[in-house]
Amino acid sequence: MRANPDRAWALFGLVLAAAVALPLAAVVWKAFAAEGGFLGHLAETVLPRYVGNTLWIVLGVGAGTIAGGVGAAWLVSLCRFPGRRIFEWALLLPLAVPAYVVAYAYAGLFDAAGPVHAALREWLGTDGAVSWYPNIRSLWGAVVVLTVVLYPYVYMLARAAFLEQSVCVLEVSRTLGLTPWGSAWRVGLPLARPSIAIGAALALMEALNDFGAVQHFGVDTFVTAIYRVWQARGDATGAAQLALLLILFVALLVWIERASRGRAAFMHLSRRYRPLPAYELKGWRAAGAIWFCCVPIFLGFLLPAAALGVWTLDRPEAFDARFWRLAANSFILASGAAVLCVIFGGAIAYALRRSRRNRALRAGSAIVGLGYAVPGAVIAVGVALILGGFDRLANALTGGASLWLSGGLFALYFAYAVRFLPIALGAVESGFTRVTPHMDDAGRMLGYGPGGIFRRIHAPMLKGSILTAALLVFVDVMKELPATLMLRPFNFDTLAIRTYEFASDEQLKLAAPGALAIVAVGIVPVILLSRAIAKARPGTVNESSAAIQALRAA
Amino acid sequence: MTALVIDEVSHRFGATVALNAVSLAVAKGEILCLVGPSGCGKSTLLRVAAGLEPLQVGRIALEGRVVAEAGKAELPPEARNVGFLFQDFALFPHLSVLENAAFGLHRLAPAERLPRARAALSRVGMEEMAQAYPHTLSGGQQQRVALARAMAPGPGLFFLDEPFSGIDARLRRRLLEDTWRLLKDSGSASVVVTHDPEEAMLLGDRVAVMRAGRVLQIGTPDAVYRRPESPFVAEFLGEVNKFRGTVGADGTVETALGAVPAPGFAAGTPAAVIIRQHGVTVSMAETAPGSSVPVVVSWVRPMGAASLILLRRRDAGAGDPPIYARVPGRLRLAEGALAYAGIDRDEVFVFPAETPKSA
């Protein structure tokens, strides 16, 4: 008797999971149901370049984020030097800046017509171009931009791993004859390896998702190709085939992340925590540490934010009625998507709690969880295919010729739900871990039914998680570019779109106000994240899972 | 009146049998302790009786009313009027101590709730912490609040699942005493689950020893302790020496501590002899011939109120079992000393030898 409502909840969760999986299924189906040999043609012409660029980005960004992220995490969690407490949270600041915004700022600063080149010419006393001056609009420029905004993923997880390590294992290695640095190198770092792999995988998923930065720098990747094939040539099959190839890249990263997550369990053999031993750095060592932590913060946050600020002050007239209309559009999209994701993500989390042993539901929620890994451009193709198919069907039935679903905001909300539902689901799920099963049982024994337990126990205890989930989705939608670009209704622009369009027209200074607004909104969750870091004592909460939740979102 | 009847209840988790045809009854005002090793099904029995786990096989009646019967709709847990104390106490972190205590009083008129909750808190001595939040309380304080919360609605039956396992050993004895008094004063029936036999015997009017989903023996603490009906019960309730032998023609079993009578056993049957460690006496001189065996003291550990002594027969071969004795006070025996070991007949139990499978 009591199993029935549980089963209804499970079914509801499954239906939601299926809806989320639908666009991906559409991409796969379309790619294989292709009539022409488009991919064969691509393979002979541009495909090697896409694959090459994508591989270089994966390698470069992977190496860069690991070196910078692990190094910085190492310094702030295991060493003591002036400013360490500030660097601890300031290293997260670049999370607030979308890669495309950094790309626009860098293009304005560093390209041949920019102030840096001009200053260099003046200093050297040459009239023409400085011959060795590097071109920022290139593959390496894209790698630098992506690295300086994405290293916080690795930093955050590596730091959590270092803090979570039981001091006992470090101490036992000392008693077995290793020096402090030796024990850190031979025990500390290997123990953190799974977490570092997770952080790098998340960073690379974001790198593969990037559209704005590589597009602006003229680097052809799968995402820019999907956009071009879809938008300019209207070729759904080609876009789906490219999307499928990109999914294969992403699947590899997801596999790495999942496998590492299992291995991350070996960090938690011992449950005893004590403050980590700290190595006092002095003199040139301390200066080196400060320099190492300053560079990423400067490149990933201070420099682009300052450039945008100066350009915005230069163009106060940019805050016109049009700007506020775009801001309102962004707000409508972001808040709508936030409410949607929280309701559906919360419902799945609740269903999962009610029928923990339901395998189908668990599998369904795992599929929902994959959404965060799928690039926005791929989701856009899938959503357009699904809704286009629905419209054709509806028109065939009614004999009309209208865009029922694919022409409106519905398509955007659908795409945002697929991509950002995992954030909401994850946040609510991790909130639910604080509500132990015994609390539900205690509520039952004290005379409340499931509804009463939800109102009196779940809702008040989950309030914080739900707000966090809504905030994270809101910010992500504000920043989102490729899916919005591909699915938005005609004449419906947002701050992100307008920023992209100004930048595409090389009016970087006009792009600055919108970009700055996006950064300003994006900094809110980063502040929350750094406050959570400052508050959390190691060992009291599972820091790395909290970090994954937060970062997946940021 | 019988407060709780459990009738032939069986339960499985997948292929694992958690309860195997368990039947028992608890009278009003009585405290029954379910005791057994972890995984024996004692917590499952409590959860099934409370309705937190759906009943699979059998029947459950509370205060003369059938609340669950296999194949029929069962009364949901919130309607069973049972107070439940969880091992982790499960206090609601978003509510103050007073609000926690008032949580189950929503069926009362609003004006009555807080006075009732306060009264419950004062019964457990926590009225001064009414405005505190659970995370600021110590383990013992949390236990008291959880008890007050379970008691406030005045349930006819209390279930306590390992109520003292998270508590510091020093504090435990006092909490145990206080809890016993509160349960007795309430006049309700109580079922307490514990893995600690001492706790069970201290708290329970009756003790039910469980193993592998079955109730092996149920009775007063004294009866279960003095007259264990199976080797498992004898071993579970105290530290023992265990010997194997065969019943001889004279009706005794030969052990390392001498011959032990085995009344009612046919000659030639294999038997297991269990002798509690504090039933082994150690003396320097042979008291009466034939009542003790010559031994060598091979290890002595003083443990405060008693000493643990490892003995070996002077004629022992390599394969002979060691003999442990717990003697009160401090025994001035050096390792290697010669002594005589005897047995207290009250602490000796003879059972048919277990088949290797159930051993």
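If you're wondering where the values come from, they're calculated on a predicted model, not measured in any experiment. In what follows, every chain begins at residue 1, and chains take the letters A, B, ... in the order their sequences are listed.
Counting only N and O atoms by type, the side chains of T194(B) and E199(B) include a donor and acceptor under 3.5 Å apart.
Interface remark: L105(B) contributes no atoms to any contact with chain A (heavy atom separation under 4.5 Å). With a 4.5 angstrom heavy-atom cutoff, A50(B) touches chain A via backbone and side-chain atoms both.
The two residues M439(A) and R434(A) make their nearest non-hydrogen contact at CE-O, 3.8 Å. Across every non-hydrogen atom of V435(A) and I457(A), the tightest pair is CG1-CG2, 4.1 Å.
When E78(B), H94(B), H106(B) are compared by the number of non-hydrogen pairs under 4.5 Å with chain A, E78(B) comes out ahead. Considering only heavy-atom pairs separated by less than 4.5 Å from chain A, the leading option among A79(B), P93(B), G83(B), P153(B) is P93(B).
Cation-pi check for R149(B) over F84(B) is not met; the charged atom does not lie both under 6.0 angstrom from the ring centroid and within 45 degrees of its normal.
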